[in-house]
Q: 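My questions will all concern the structure given below.
As the structure is a prediction and not an experimental result, all values here were calculated from the model.
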Amino acid sequence: MTILNFYGAPTKSMDLPDLIRQVAASLTDHGTKVLVLDDITRLRMHRADDQDTLDLVRAFMSMHVTLVLIGVNIAASGLLRGGRLDPASGQSVLPPSRHAAVHGLEAAQTERRFDLVELDRFRYDTDSQITAWTTHLAGLEGALRLLKAQPGMLTQGHMPEYLFTRTNGVVGLLERLIEDGCT
């Protein structure tokens with residue numbers, strides 16, 4: 001329903017299959033090429049509702065849109081394996097979701113559908129690492145729309161090192177710190 005609300009599409013009196021069809025139609029009608037789902041690791045695969053949400057994510061995969069899932073430690077969450085992982089064996093603790101059970105799909109099939117891109121925090125030890133950090137700061141600086149913004153406010157002087165020290169190179173913490181500073 002959130003996706004449909006974004007597009008201003010109707011959702012009243014629709015059941016889940018109708019909502020899914022309407023999402024597919026809205027994505028196509030608006031020429032959407034990428035669908036980004038943030039905080040995907042908030043799903044807990046031991047809950048039946050979240051197993052159903054994973055089935056919905058699988059349905060999105062057939063909608064001719066690039067699906068980007070964003071989260072922390074996705075590999076260890078069990079999300080891509082279709083269930084919670086047993087730390088000892090690395091295997092799914094729960095049986096596959098209802099959809100997978102009906103269609104005889106292995107839990108690992110979901111994992112094979114995704115390319116996992118792991119982004120570590122920035123480092124600040126070598127010249128190339130410092131340059132990468134400063135380049136990222138320049139990108140953020142260029143996107144800020146502040147009344148009294150000044151060129152170099154994030155990238156010059158001691159600011160890059162200060163920001164790194166405050167965030168330890170973690171992008172989410174950096175963006176939160178900058179957001180709080182802007183406020």
Side-chain angles (χ1 to χ4, degrees), residues 2-3 5-7 23 26-27 30-47 50 53-54 56-58 60-61 63-88 90-92 107-183:
T2 301
I3 293 168
N5 288 337
F6 173 80
Y7 288 117
V23 166
S26 292
L27 293 172
H30 293 278
T32 303
K33 302 293 183 205
V34 177
L35 180 61
V36 179
L37 303 177
D38 197 4
D39 283 340
I40 197 73
T41 45
R42 292 181 66 191
L43 294 175
R44 301 289 176 236
M45 294 296 95
H46 63 279
R47 297 186 299 225
D50 288 351
T53 302
L54 182 58
L56 185 59
V57 168
R58 288 182 185 123
F60 288 154
M61 295 173 73
M63 294 185 186
H64 307 293
V65 64
T66 298
L67 191 59
V68 177
L69 308 178
I70 300 173
V72 176
N73 203 7
I74 291 174
S77 73
L79 176 67
L80 298 181
R81 296 204 45 84
R84 187 171 36 119
L85 291 181
D86 175 11
Q91 299 298 314
S92 182
Q109 183 178 18
T110 302
E111 189 172 18
R112 287 187 219 120
R113 292 179 175 183
F114 290 93
D115 291 325
L116 187 62
V117 178
E118 295 190 45
L119 301 176
D120 198 3
R121 65 182 181 86
F122 280 91
R123 307 271 185 220
Y124 205 80
D125 300 321
T126 67
D127 288 342
S128 64
Q129 291 171 339
I130 293 169
T131 299
W133 174 253
T134 306
T135 300
H136 182 71
L137 292 176
L140 292 174
E141 184 179 282
L144 290 176
R145 300 294 177 245
L146 299 174
L147 183 61
K148 296 181 182 180
Q150 298 177 8
M153 64 185 177
L154 298 180
T155 57
Q156 294 179 357
H158 295 290
M159 189 57 74
E161 187 174 357
Y162 167 77
L163 292 171
F164 185 83
T165 301
R166 288 285 309 270
T167 64
N168 200 24
V170 176
V171 172
L173 296 176
L174 172 67
E175 292 189 9
R176 177 70 188 263
L177 180 64
I178 290 172
E179 181 180 304
D180 288 350
C182 290
T183 301

Q: List for me each residue that meets ring pair (Phe, Tyr, Trp, His ring centres under 6.0 Å) alongside F122, sequence neighbours excluded, and say none if there are none.
A: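 In terms of ring pair (Phe, Tyr, Trp, His ring centres under 6.0 Å), with neighbours along the sequence ignored, F122 is linked to W133, H136.
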Q: Working to the nearest 0.5 Å, report the span between CD1 of I40 and CG of L67.
A: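 Rounded to the nearest 0.5 Å, the CD1-CG separation comes out at 7.5 Å.
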Q: Can you find a pair of side-chain heavy atoms, one from M153 and one from L146, that are under 4.5 Å apart?
A: yes
Q: What pair of heavy atoms forms the shortest contact from R123 to D120, and how long is it?
A: NH2-OD2, 2.8 Å
Q: Check the surroundings of atom CD in Q129: do more than 12 heavy atoms from other residues, nucleotides or ligands lie under 6.0 Å from it?
A: yes
Q: Please name all residues satisfying side-chain hydrogen bond (donor to acceptor under 3.5 Å, both in side chains) with T135, sequence neighbours left out, ordered by chain then number.
A: none
Q: How many angstroms lie between atom CG of L140 and atom CG of L163, to the nearest 0.5 angstrom?
A: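 CG of L163 is found 9.5 Å from CG of L140.
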Q: Provide the full list of salt bridge (Lys or Arg N to Asp or Glu O under 4.0 Å) pairs with a residue in residues 137-155, sequence neighbours left out, each pair given once.
A: none
Q: About how many Å separate OG1 of T66 and CZ of F60, when rounded to the nearest 0.5 Å?
A: 14.0 Å
Q: Please name all residues satisfying side chain to side chain contact (heavy atoms under 4.5 Å, CB included) with Q156, sequence neighbours left out, ordered by chain then number.
A: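 Side chain to side chain contact (heavy atoms under 4.5 Å, CB included) list for Q156, sorted by chain: empty.
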Q: Output the distance between atom OG1 (T165) and atom NE2 (H158), rounded to the nearest 0.5 Å.
A: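 Those atoms lie 11.5 Å apart.
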Q: Where do D38 and I70 come nearest, in terms of heavy atoms and distance?
A: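 The answer is OD1-CG2, 3.3 Å.
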Q: Which atom pair, heavy atoms only, marks the closest approach of T134 to P160?
A: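 Closest heavy-atom pair between T134 and P160: OG1-CB, 4.2 Å.
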Q: For residues 168-183, dump all side-chain donor-acceptor pairs below 3.5 Å to protein atoms at least two apart in sequence or in another chain.
A:
| unit_1 | atom_1 | unit_2 | atom_2 | d |
| --- | --- | --- | --- | --- |
| N168 | OD1 | R121 | NH1 | 3.3 |
| T183 | OG1 | E179 | O | 3.0 |

Q: Going by the rule side-chain hydrogen bond (donor to acceptor under 3.5 Å, both in side chains), which residues pair with T32 if we only count those two or more places apart in sequence or in a different chain?
A: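 Partners of T32 under the side-chain hydrogen bond (donor to acceptor under 3.5 Å, both in side chains) test: Y7.
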